[in-house]
Amino acid sequence: MKKIISDLINKKNKSKIVSLTAYSKNIASILDNFCDLILVGDSLGSVLYNYKSTREVTLNTMIEHSKSVRMGIKKSLMVVDMPYGTYKNPNEALKNAKKIISKTKCDAIKLEGGKKVVQIIKTLIKNKIPVMAHLGVLPQSATNFKFKGKDTSERKVILRDSKLLEEAGVFSIVLECVESSLAKEITKTVKVPTIGIGSSAYCDGQVLVTDDMIGLNKIKARFVKRYSNIEKQINDAALKFKKDVVTSKFPTKKHSY
Ligand code: KIV
């Protein structure tokens, strides 16, 4: 196992794991100073491309963004989402995961699901491809985005899936919108770190979509905390630029050849 991955696993019960998404080099290079793990999430489908669902994201789109992100990362673990339809069976998953890794030089891939994807995950891991799992709300197959773990049968399935995924060899599990006490139970049960998004502080780490976190994406979800208002800063800068251009204050001699 790569040291960068065993280091992440070793953080469990010692220190919290910090993770954010990146879709491009410049953002990734800033986040690299603060994150343990940077995820090229297929959330880029809605955040950047305005797709109705992540199901429209293609393998090539993920690869191109990931190539850009790779250039910005020096130390963090880089994980790339396998998009919808690229891991229908073990052979296809293997072919596509190999393509993602060889083209992007990422450290690991992430895919969504529990029992249904266990065979696929085993095949990838057997072929030395590190896998991060994703349980709870699964945007690639979701019909709604309500939190998971409300009723006993749903809780049992998610807990069972977390154990199956651990046995299959995943190095971490994202828990998306999983009810707090269930996230706590999973985190206590599995030996690999859980990374929560809308799944309480009981998880071993947290991930947010960076564009949500900096106030560039206008999503109104309970699990998002806005740490910055980048929209305002871009507005202010664009307004100043506009004023300078229309009043011929820019460019000056200093900015001209
Ligand atoms: O696609 C994504 O950005 C994700 C995170 C929200 C975990 O899967």
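By convention here, the first residue in the shown sequence is residue 1. Bear in mind that the values here come from a model prediction, so they are computed numbers and not experimental data. For ligands, and for the atoms within them, numbers begin at 1 and follow the listed sequence.
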Show every donor-acceptor pair shorter than 3.5 Å between a side-chain atom in residues 119-131 and any protein atom, with sequence neighbours excluded, or say none if there are none.
from   : atom 1 : to     : atom 2 : distance (Å)
Thr123 : OG1    : Gln119 : O      : 3.0
Asn127 : ND2    : Thr123 : O      : 2.8

Give a yes or no on this: more than 12 heavy atoms of other residues, nucleotides or ligands lie within 6.0 Å of atom OH of Tyr51.
yes
Is there a side-chain contact between Lys150 and Arg155 in this structure, where contact means two heavy atoms from C-beta onward sitting under 4.5 Å apart?
no
Looking only at the side chains, is there a donor atom on one of Thr152 and Glu154 sitting less than 3.5 Å from an acceptor on the other?
no
Exam field: side chain Asp211 to backbone Val47, donor-acceptor pair closer than 3.5 Å:
no
Could you tell me how the ring of Tyr49 sits relative to the ring of His65: parallel (under 30°), tilted (30 to 60°) or perpendicular (over 60°)?
perpendicular
With a 4.0 Å heavy-atom cut-off, what residues sit around ligand 1?
Thr21, Leu39, Gly41, Asp42, Ser43, Asp81, Lys110, His134, Val174, Ile197, Val207, Val209
